[in-house]
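So the structure is just underneath, and the comments pick up after that.
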Amino acid sequence: MTDLETFRAETRAWLEANCPAECRGPLENDEDRVWGGRNATFKTPAHRRWMEVMGERGWTAPEWPTEYGGGGLSREQAKVLASEMRRIDAQSPLSSFGIWMLGPALLQFGTEEQKTRFLPPIVRGEIRWCQGYSEPGAGSDLAGLQTRAEDRGDHWIVNGQKVWTSYADQADWIFCLVRTDPDAPKHLGISFVLFDMATPGVTTRPITLISGKSPFCETFFDNVRVEKENLVGTLNRGWDVAKALLAHERTMIGAMGDMGRPMGQVAVDSLGLDDSGRLDEPMLRAKIAELEIDVAAFRLSMERVGDQVKAKQVSPAIASMLKYYGSELNKRRHELAMAAGGSDALEWESDRSRGGTPAREWLRTKANSIEGGTSEVQLNILAKHLLQLPGA
Amino acid sequence: MTDLETFRAETRAWLEANCPAECRGPLENDEDRVWGGRNATFKTPAHRRWMEVMGERGWTAPEWPTEYGGGGLSREQAKVLASEMRRIDAQSPLSSFGIWMLGPALLQFGTEEQKTRFLPPIVRGEIRWCQGYSEPGAGSDLAGLQTRAEDRGDHWIVNGQKVWTSYADQADWIFCLVRTDPDAPKHLGISFVLFDMATPGVTTRPITLISGKSPFCETFFDNVRVEKENLVGTLNRGWDVAKALLAHERTMIGAMGDMGRPMGQVAVDSLGLDDSGRLDEPMLRAKIAELEIDVAAFRLSMERVGDQVKAKQVSPAIASMLKYYGSELNKRRHELAMAAGGSDALEWESDRSRGGTPAREWLRTKANSIEGGTSEVQLNILAKHLLQLPGA
Amino acid sequence: MPLILTEEQTMLKEAADGFLAEHAPITHLRQLRDSRDADGVSRDLWRAFGEMGFAGVIIPEEHGGSGLGAVEAGVVAEALGRTLTPSPFFGSSVLAARVLSDAGSAEQQTAWLPRIAAGEAILSLAVDEGPKHQPSRITTTAERSGNGFKLNGAKGFVLDGHVADALIVAARTEAGVTLFLVDPKTTGVEIERTVMVDAHNAARVTLTDVQVDADAVIGLVDGGEAALEGAMNLGRACVAASLVGAGDQAFISTVEYLRTRKQFGKAIGEFQALQHRAAHLFTELEIAKAAVLAALQRLDAGVDKADLAVSVAKAKAGRVAELAVQEAVQMHGGVGMTDEYDVGLFMKRVRVLNELLGDPGFHAERIARAGGY
Amino acid sequence: MPLILTEEQTMLKEAADGFLAEHAPITHLRQLRDSRDADGVSRDLWRAFGEMGFAGVIIPEEHGGSGLGAVEAGVVAEALGRTLTPSPFFGSSVLAARVLSDAGSAEQQTAWLPRIAAGEAILSLAVDEGPKHQPSRITTTAERSGNGFKLNGAKGFVLDGHVADALIVAARTEAGVTLFLVDPKTTGVEIERTVMVDAHNAARVTLTDVQVDADAVIGLVDGGEAALEGAMNLGRACVAASLVGAGDQAFISTVEYLRTRKQFGKAIGEFQALQHRAAHLFTELEIAKAAVLAALQRLDAGVDKADLAVSVAKAKAGRVAELAVQEAVQMHGGVGMTDEYDVGLFMKRVRVLNELLGDPGFHAERIARAGGY
């Protein structure tokens with residue numbers, strides 16, 4: 001038995017023994033996710049236990065080094081763990097911007113002290129993080145942000161406003177872009193800092209979206225004290241940290257295009273077949289077939305980019321390609337889902353429509369091409385970095 | 001009987017008496033058109049006669065004033081003439097850039113002397129004109145033209161090169177944009193001049209297009225003498241004349257989208273129907289139906305714009321809308337025609353494909369969105385003049 | 001006939017736009033929605049509509065209406081699309097009024113048309129059954145029973161059905177389709193309001209052994225198809241007008257936003273990529289407007305193939321309005337996703353109007369069939 | 001297996017690109033076209049292809065080939081797409097070689113495979129009959145006659161049929177489709193070269209009472225469909241690779257043109273509207289490349305549903321290449337319309353490749369059918 005086979009056998013046994021029955025099977029809805037944090041809520045006690053045992057083992061962040069609480073697994077081992085979890089339909093023990101976004105940035109840019117201090121509580125789900133990037137005046141032009149940090153010796157005083165802060169009202173800490181040098185060119189006066197959302201002067205207000213309630217908030221900073229030791233990376237060079245982190249986020253959002261049941265089946269369930277065995281809406285059918293071709297090709301393209309990245313055959317800016325195409329595809333997919341659902345899918349509150357799920361999901365996808373950098377920003381990046389067009 | 005009814009009766013009688021049998025029925029191909037000019041060729045003697053009798057009456061330019069050789073008809077009378085000609089399927093007696101483009105410009109901008117001198121020979125088909133606008137370095141950026149006219153007192157000496165001059169090798173005279181003030185801002189140093197193509201120093205070379213031989217030429221000017229009396233409009237204000245003339249050309253090209261048999265019928269002839277009575281290529285069928293909707297709507301839009309112009313409810317820049325949409329639509333139409341034709345339509349020389357007509361027409365349409373101002377230029381114009389977007 | 005509004009039609013347009021801007025701007029929709037109004041529609045507003053002559057725009061003057069045509073109905077529908085006003089206009093003033101005017105008995109007309117015109121009564125047409133509009137496959141049945149008929153079936157997407165004073169139900173009879181005027185209080189009629197994504201109103205109607213008298217039949221037994229199709233064609237053209245209104249209004253807001261919103265140190269409308277998309281959308285909207293006005297004019301002229309002009313209009317207006325609201329949300333960026341901004345409301349409304357009385361695919365199919373392919 | 005080329009495959013790609021750049025750049029196509037070459041294809045070049053191992057890329061080593069797979073055939077096809085080189089590669093090295101390797105008798109293989117691999121023989125597969133690719137509706141018949149069969153029918157779009165040393169004809173027999181190896185000199189075979197828009201080569205073949213012996217049958221009587229379908233799927237994936245090659249090459253020239261051509265005082269590549277369109281096209285091309293490589297790999301792996309991966313690849317590559325050449329001509333402006341520039345040649349070639357072995361609509365239909373809708 002190879003080492004990997006041994007690892008698989010051990011992992012399987014451990015998961016069988018430790019993954020509670022309540023934590024197997026698909027999530028019923030998004031609110032059942034485990035996010036951890038100081039004020040964590042759990043659907044069942046089993047969900048808390050599942051987070052804790054996985055956190056202890058570092059398997060909530062399988063590839064992070066063990067010295068920071070991670071699982072210390074190789075890429076191959078991590079794939080085995082993932083496939084074994086899929087095998088028993090295990091739910092994710094912990095959803096976390098700390099794991100998905102901040103952690104990789106800290107591993108790359110953080111000091112030893114920061115890594116030791118911040119990473120283990122992330123792995124164990126003790127501290128829940130949120131991201132403070134966008135501002136009302138600085139959406140696509142992220143670097144145009146105005147939140148300012150005044151130097152007061154050993155700390156800064158931060159004033160300003162963020163927007164689109166996911167779960168800011170429930171997060172414990174924030175990783176945040178602030179302007180530390182108002183006189184520098186706009187990309188050069190920004191720093192990446194961390195602070196506790198319980199610090200006096202921090203307030204949040206949830207935003208209602210066109211799809212209904214949302215995890216997004218407006219977040220206000222009124223003379224918030226931030227310790228200088230919580231600066232990540234170099235002073236005034238926070239843009240580098242932010243960019244690395246955004247590429248990560250982009251790949252995540254792009255992957256949306258890959259989700260869900262085949263659209264042809266969705267449509268057949270709703271509309272049935274005609275005498276020739278074809279979907280009983282010929283025009284819609286043609287659009288669905290084109291979509292499915294694009295979805296299949298995009299899925300392969302994600303795989304190929306992964307392989308190219310691994311083989312170092314491609315620029316990291318390629319993430320913009322996946323983000324752009326994936327989010328546009330996902331929007332198209334939900335437009336067709338609405339057409340396939342017809343008037344049934346237009347109901348907004350009925351039990352029949354599960355509280356308007358199809359329509360709310362459709363509307364929610366419209367943000368895909370805005371959040372994490374708009375489609376227009378991604379195209380700008382591609383024109384500049386991959387096509388090297390002049391003036392891009 | 002109203003005056004118009006009387007006019008209709010008289011016109012019908014005159015046409016019956018004067019339109020030769022050879023000049024009734026559709027043109028077999030584009031080369032059968034009558035273009036007139038010093039070296040005019042005619043498919044039959046009847047075609048010459050038809051041009052001449054119509055020219056004498058001024059009915060080759062029905063709405064131009066009689067003092068310049070035109071028909072002097074009202075708009076309503078001209079419509080009657082057109083409908084009576086359609087009734088007997090009369091061919092156009094004369095195709096002419098002089099009538100379509102230069103004439104309207106001269107009527108608006110020319111001196112009395114110029115109108116008296118140039119318009120009557122246009123009406124009678126005695127002088128054939130071509131247009132000298134584009135240059136190799138100045139395509140979309142028409143005002144960037146470099147052909148220069150040096151002032152020599154009572155005349156200019158013109159040097160430079162034009163491109164895309166339709167039928168330059170067969171034309172007698174040219175209306176031409178030249179730079180008369182090299183130091184002025186680029187739109188302000190251009191003049192609109194007329195000269196004989198037989199002037200020493202003028203040479204032409206035909207351009208072969210991707211669709212095969214073409215009417216387009218490169219035209220070279222090597223110390224060509226142009227009399228100052230042949231300036232149209234104000235010195236250095238030729239751009240105003242050019243713009244007026246372009247709007248005319250754009251509407252003409254846009255109208256392309258309106259041509260031809262219904263695409264559904266074209267496809268059925270080539271591909272047949274399936275058992276359910278639908279075109280035996282479901283995906284193509286869906287695209288054809290969408291095209292036909294767009295064609296129908298575009299046709300109505302052309303009609304509406306005409307009515308809006310007449311009612312002075314719209315800016316002349318609206319011509320850019322018709323040009324843009326019409327040419328894109330025509331390209332789409334021919335892409336579908338090629339798909340409907342399948343491999344038969346790919347033959348380039350066979351009798352079966354009438355010498356590759358479908359493919360050559362398809363390729364020819366690709367120029368629609370380039371000639372007379374590219375689609376991009378039209379969109380710029382719309383953004384600026386109709387949407388008033390900043391910086392457009 | 002020129003493809004522009006006549007002077008009278010232009011005056012009507014100004015009256016409708018002015019009235020709605022004053023009495024039913026988008027805040028009116030928000031107020032009904034956010035207060036979870038039980039009806040989802042204002043009866044006071046509807047009576048005011050009656051007083052203005054909008055509710056009876058196509059109803060003959062002898063029945064208290066304005067006696068105008070399809071173009072005028074389209075003018076009102078377009079105005080409603082611009083302000084997103086919830087009202088029983090499509091169901092009552094267009095579909096039901098047209099069915100009754102065309103095929104109703106003298107008694108039926110006298111009973112209902114003046115009340116519709118006055119904005120006092122709301123009528124609803126119940127056609128659709130499945131998730132898509134398929135009027136050729138009605139399965140609701142009406143069997144002869146006693147002196148009348150017994151109706152069974154289930155209808156959906158019945159506009160304003162939950163507040164209807166009477167329902168017009170299309171049901172299959174022995175040799176065709178028959179239209180019935182049904183009192184919603186009749187035993188066996190169950191009506192469930194379905195709150196829609198756009199906060200406009202519709203209902204599901206279930207009919208279980210619903211007994212109606214013979215005089216409930218509108219027009220001839222087995223002969224309802226022509227009146228139904230006539231009314232639906234008028235309805236489709238009016239919905240297309242509303243689509244153009246909504247799409248155009250979303251576009252106007254977007255162009256305004258492009259002029260004022262700044263990013264990267266300049267107005268975002270200075271970016272050529274957005275300029276070209278806006279110019280393209282402008283073009284599409286102008287073309288859709290032409291198609292819609294032409295369809296309405298042809299309905300008034302009663303020309304051959306007016307139904308195809310209607311399909312062109314409904315399909316084209318639908319696709320274009322869809323593009324308009326998609327571009328509107330995208331160009332507004334984050335704020336376009338918030339409920340606080342209005343663009344999302346336009347997106348929702350356009351989605352519903354697209355589904356109503358046949359989506360672009362349905363109408364493309366009609367075009368293809370009529371074209372013999 | 002990672003979705004990138006292996007080291008060996010990359011070397012093959014470099015060899016193919018290098019060879020074609022030296023011996024058969026686009027000027028080679030122009031020369032054949034403008035001299036009105038009687039064959040439209042160079043036999044010398046074809047033999048050189050054989051020497052390089054390209055002509056026999058998928059032919060087993062024991063028959064003189066390179067014994068490689070679909071990915072390698074796709075690599076060559078993509079290179080041919082970049083230089084637009086006319087060659088019998090698809091007909092002879094892919095379709096015919098695959099049919100013979102899969103289903104040919106030992107005699108047939110020995111007779112033909114080494115000669116195909118050496119670039120000495122050209123074989124053509126005759127499938128299509130009408131204007132569209134409809135292999136399920138073959139009407140050419142083969143009736144038993146004497147010791148063999150008598151063939152009747154008409155084939156079109158037969159790649160390089162006018163210079164073929166042998167034809168493989170798909171004909172309907174009593175209970176299925178049978179493949180026949182036919183000597184083009186046989187009585188009753190008429191071959192007409194059809195000069196195509198892209199200056200590549202095809203022919204129409206008419207079969208009138210063409211008598212062939214029993215040993216002309218490839219594989220089993222009535223059992224030709226599997227070998228035919230297998231060869232066509234390989235062919236489709238290779239044509240998709242060529243589409244990507246042509247589309248990508250047109251794109252590369254266009255980006256270069258955007259960087260250098262100046263209008264309004266700046267490089268046209270500075271205009272954001274063109275930047276966005278170029279970036280979109282780049283994205284589409286990358287996605288098409290992934291789909292094509294995946295299809296080729298799956299054919300090699302012999303996995304289930306490789307045919308669907310092929311349809312995805314052919315449809316996607318076709319649409320994307322079409323967009324690429326359209327954008328190429330438009331962004332080149334006037335010069336893009338001239339025969340002197342190469343972009344028009346790419347447009348022509350892509351049009352033909354799109355039609356070859358099923359256009360995007362044909363493959364979308366396969367996807368829909370397989371998806372049960």
Side-chain angles (χ1 to χ4, degrees), chain A residues 262-269 271-273 277-281 284-308 310-311 313-314 318 320-322 324-325 328-329 375-376 378-392, chain D residues 1-5 10 251-252 254-255 258-260 262 266-272 274-295 297-298 308-309 311-320 360-361 363-373:
Chain A
M263 184 52 55
Q265 282 311 306
V266 172
V268 169
D269 289 351
L271 306 173
L273 299 172
R278 293 188 281 214
L279 184 69
D280 200 7
E281 289 275 334
L284 179 60
R285 176 175 182 265
K287 286 189 194 300
I288 290 175
E290 292 206 341
L291 176 89
E292 289 201 338
I293 287 167
D294 286 343
V295 166
F298 177 66
R299 193 173 290 160
L300 294 164
S301 186
M302 284 199 295
E303 191 182 330
R304 175 168 173 262
V305 166
D307 294 331
Q308 286 176 317
K310 205 170 153 196
Q313 291 182 354
V314 74
I318 201 77
S320 289
M321 181 186 100
L322 299 179
Y324 163 63
Y325 203 86
E328 296 296 335
L329 197 57
S375 282
E376 291 77 15
Q378 308 310 323
L379 292 171
N380 286 343
I381 292 172
L382 292 172
K384 178 173 185 169
H385 293 288
L386 286 163
L387 305 184
Q388 275 132 33
L389 287 174
Chain D
M1 164 160 327
L3 266 176
I4 48 179
L5 295 183
T10 305
F251 174 67
I252 289 169
T254 304
V255 170
L258 290 177
R259 291 199 192 106
T260 50
K262 288 199 159 54
K266 50 183 180 178
I268 59 174
E270 291 184 55
F271 289 98
Q272 197 198 29
L274 297 189
Q275 290 181 346
H276 279 200
R277 279 158 55 185
H280 171 75
L281 179 52
F282 167 82
T283 299
E284 290 279 13
L285 279 164
E286 290 300 306
I287 288 167
K289 287 175 195 171
V292 169
L293 184 53
Q297 284 185 353
R298 277 162 208 208
L308 294 185
S311 278
V312 166
K314 180 73 167 64
K316 184 71 189 167
R319 293 264 180 245
V320 170
H363 290 286
E365 185 70 23
R366 286 221 302 185
I367 296 288
R369 284 283 185 189
Y373 64 96

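Order of the sequence lines fixes the chain letters, A, B, ..., with proteins taken first and strands second; residue numbering starts at 1 for each chain.
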Which portion of [X] sits near chain D, non-hydrogen atoms under 4.5 angstrom:
{"X": "A:Leu273", "value": "side chain"}
{"X": "A:Ile318", "value": "side chain"}
{"X": "A:Leu386", "value": "side chain"}

- Message: Which heavy atom of D:Ala279 sits nearest to which heavy atom of A:Leu382, and what is that distance?
- Response: CB-CB, 3.8 Å
- Note on the structure: D:Gly371 and A:Gln265 have their tightest heavy-atom pair at O-NE2, 2.7 Å
- chain A contact via D:Arg277 - side chain, backbone, both or neither, heavy atoms under 4.5 Å: neither
- Would you sort out whether A:Asn380 and D:Gln272 count as a side-chain contact (heavy atoms from CB on, under 4.5 Å), showing the intermediate values? CA-CA 8 Å; A:Asn380 286 343; D:Gln272 197 198 29; 3.2 Å; yes
For the atom pair [atom1] ([X]) and [atom2] ([Y]), what is the distance rounded to the nearest 0.5 Å?
{"X": "A:Leu387", "Y": "D:Ile252", "atom1": "CG", "atom2": "CD1", "value": "11.0 Å"}
{"X": "A:Leu300", "Y": "D:Lys316", "atom1": "CG", "atom2": "NZ", "value": "11.5 Å"}
{"X": "A:Met302", "Y": "D:Ile287", "atom1": "CE", "atom2": "CD1", "value": "9.5 Å"}
{"X": "D:Leu285", "Y": "A:Met321", "atom1": "CG", "atom2": "CE", "value": "10.0 Å"}
{"X": "D:Leu293", "Y": "A:Ser301", "atom1": "CG", "atom2": "OG", "value": "11.0 Å"}

- Query: Passes side-chain contact (heavy atoms from CB on, under 4.5 Å), D:Glu284 versus A:Tyr325? Steps please.
  - Reply: CA-CA 8 Å; D:Glu284 290 279 13; A:Tyr325 203 86; 3.3 Å; yes
- Note on the structure: In terms of heavy-atom pairs under 4.5 Å with chain A, the winner among D:Lys289, D:Glu270, D:His276 is D:His276
- Task: Go through D:Gly269, D:Ala267, D:Ala291, D:Ala309 and name the one with the most non-hydrogen pairs under 4.5 angstrom from chain A.
- Result: D:Gly269
- Please confirm whether the backbone N or O of D:Ile4 pairs with a side-chain atom of A:Asp307, one donor and one acceptor, at under 3.5 Å? no
- Task: Using modelled atom types only, decide if a donor and an acceptor are shared between the side chain of D:Gln275 and the backbone of A:Pro390 within a distance under 3.5 Å.
- Result: yes
- Flag the one option from A:Ser320, A:Ala267, A:Ala289 with the top tally of heavy-atom pairs under 4.5 Å to chain D. A:Ala289
- Which of A:Gln378, A:Gln388, A:Glu328, A:Lys384 touches chain D most, by non-hydrogen pairs under 4.5 Å: A:Gln388
Min side-chain heavy-atom separation [X]-[Y] under 4.5 Å:
{"X": "D:Thr283", "Y": "A:Phe298", "value": "no"}
{"X": "D:Arg259", "Y": "A:Leu389", "value": "yes"}
{"X": "A:Glu292", "Y": "D:Tyr373", "value": "yes"}

- Task: May I ask you to say whether D:Glu365 pairs ionically with A:Arg278, meaning some side-chain N is under 4.0 Å from a carboxylate O?
- Result: yes
- Task: May I ask you to decide if the ring planes of D:His280 and A:Tyr324 are parallel, tilted or perpendicular, using 30° and 60° as cut-offs?
- Result: perpendicular
